[in-house]
There are 2 protein chains.
Amino acid sequence: MVTGTKQRLIEGALEVIRSQGITAVSARSVASAAEANQALIFYHFGNVEELIAQTCVTATESRVDEYRERFAAVSTLTELLALGQTVLVEERAEGNLVVLAQTLAGAQRGGRLAEATHEALGKWTAEVESALVRVLAGSPLMEFTDPRGLARAVSAGFLGITLFESVDPAGGEQALAALTQLATLADVIDDLGPVATRAVRAKLRAVTKARR
Amino acid sequence: MVTGTKQRLIEGALEVIRSQGITAVSARSVASAAEANQALIFYHFGNVEELIAQTCVTATESRVDEYRERFAAVSTLTELLALGQTVLVEERAEGNLVVLAQTLAGAQRGGRLAEATHEALGKWTAEVESALVRVLAGSPLMEFTDPRGLARAVSAGFLGITLFESVDPAGGEQALAALTQLATLADVIDDLGPVATRAVRAKLRAVTKARR
DNA sequence: GTCTATAACGAGATAGAC
DNA sequence: GTCTATCTCGTTATAGAC
């Protein structure tokens, strides 16, 4: 099944999306990239949208599987942040964040692509979230952050940077560097321990008060 | 010029992109939304890509102008973060972050859209950056953050959350909430002043050492 | 500036031979 | 499962009347 036509069509779709984006996807362009007959898309997937949906989900699945062990090996916030950087850099070459971002853009009208991207995003956020929970356990940060929301924010941020990079590579690099710096700051809070905890608690009280 | 056909075509393009995304854009769909004749797109813009490019730039310009005074009024990090949230919420209704994100996706193949989105992104990042520089002046944070890169990271993050929201509104909300919490943490570091500065410096030395 | 009409082509999708 | 051929429709873009 490795060299099967169905698989080749998915790889063709990946290639078209990576190099030209979702707007360039058509039965003909994908079939051409896959060196397959255009009619086979409809035989194997029924329609083009379904092909894209399956492409997005399986590609994401395969990349997340690739990273699973590495996420599991992470035990500190610093390590997690370093892994995040690695993901961004590796996917810059692998191109699967581009695929997810492009499919997400194509999902604006809802439909099958919305369902598929929702599923694909869930695969990333689940991995990030569980790593966050593990890493933040016992940290003063745990008390004030929601790993669930944070995992989503991080995933969304990565997608945004991926899109940003495509039109401004230098700017994307700067953005990544800035995030790394912020990461260090979070680490510092972590290390400050009880001092930071007290400070954060005081701040939260102040903020809460001010908003009443 | 307010009710001119050219303007109506731009508004039609905005409507199509907002409701159905970049993949649904065509001379016919836009003309229909603008209640204008399809041929007029080619008379006024030459081709559809140019229409989208101008739509993206002018829409971004108008929204950024809308926020300029509010950015200028910001004098603390907390206020800036609050404004950031406001932007995200208001643009959720206004829909112009969606337009920028969608155009960015359409810019994957380069060409005119890449140029236009580069320009549009620059308008946002310039505003965010100048506010960051002002707000971080004299803060211990200034020493360790690059406002230029941070502004790009923030802008990219907003675009990512915007895309994320379109397929998972609840998740987008959680992401936004998590960022707000992180914002408070940054604020705390700011308030800690010299204590934080020393801690961050020590941490940076440690990190630098570990990487050698 | 705006319209109709139409050329020229690419799109999704299906039928049917092999 | 894969191919060719084809239908039908939507697409960009232009020509030319008004």
Side-chain angles (χ1 to χ4, degrees), chain A residues 1-17 19-56 58 102-103 105-116, chain B residues 1-17 19-56 58 102-103 105-116:
Chain A
M1 201 54 96
V2 183
T3 46
T5 300
K6 196 169 176 180
Q7 186 60 31
R8 283 221 322 285
L9 287 170
I10 287 180
E11 277 154 22
L14 286 175
E15 196 180 317
V16 172
I17 297 175
S19 60
Q20 302 184 263
I22 187 86
T23 59
V25 168
S26 76
R28 285 168 152 81
S29 66
V30 169
S32 165
E35 294 181 280
N37 191 290
Q38 172 257 148
L40 291 176
I41 288 174
F42 303 95
Y43 174 78
H44 286 290
F45 299 94
N47 56 57
V48 178
E49 188 178 14
E50 179 61 29
L51 162 60
I52 304 304
Q54 289 191 29
T55 296
C56 177
T58 63
Q102 287 286 328
T103 311
Q108 185 76 11
R109 48 174 127 197
R112 180 72 179 92
L113 289 189
E115 189 191 339
Chain B
M1 199 58 92
V2 184
T3 46
T5 300
K6 196 170 176 180
Q7 186 60 31
R8 284 221 322 285
L9 287 169
I10 286 179
E11 276 154 21
L14 286 174
E15 195 179 317
V16 172
I17 296 175
S19 60
Q20 302 184 264
I22 187 85
T23 59
V25 168
S26 76
R28 281 169 151 80
S29 65
V30 169
S32 164
E35 294 182 279
N37 190 290
Q38 171 259 147
L40 292 176
I41 288 174
F42 302 96
Y43 174 78
H44 287 290
F45 299 94
N47 56 56
V48 178
E49 189 178 13
E50 180 61 29
L51 162 60
I52 303 306
Q54 288 191 30
T55 297
C56 177
T58 64
Q102 287 286 326
T103 310
Q108 184 75 13
R109 46 175 128 197
R112 181 72 179 92
L113 289 189
E115 189 191 339

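In what follows, chains are A, B, ... by sequence order, proteins preceding strands, each numbered from 1. Computation of the quantities below employed the complete heavy-atom set of this structure, encompassing side-chain atoms and omitting hydrogens, waters and symmetry-equivalent molecules.
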Any donor-acceptor pair under 3.5 Å from B/Gln108 side chain to A/Ser19 backbone: no
Donor-acceptor pair, side chain of A/Ser29 and main chain of A/Ala24, under 3.5 angstrom: yes
Contacts of type side-chain hydrogen bond (donor to acceptor under 3.5 Å, both in side chains), residue B/Glu50, not counting sequence neighbours: B/Gln54, B/Arg112
Under 4.0 Å protein heavy-atom contact, by nucleotide of nucleotides 3-18 of chain C - B base, S sugar-phosphate only: SB------BBBB----
Length of the line joining B/Phe45:CZ and C/dG1:C1', which is rounded to integer Å: 14 Å
Backbone of B/Ile22 reached by a side-chain donor or acceptor of B/Gln102 within 3.5 Å: yes
Non-hydrogen side-chain atoms of A/Val48 and A/Val30 separated by less than 4.5 Å: no
Value in whole Å for how far the P atom of D/dT2 lies from CZ of A/Arg8: 8 Å
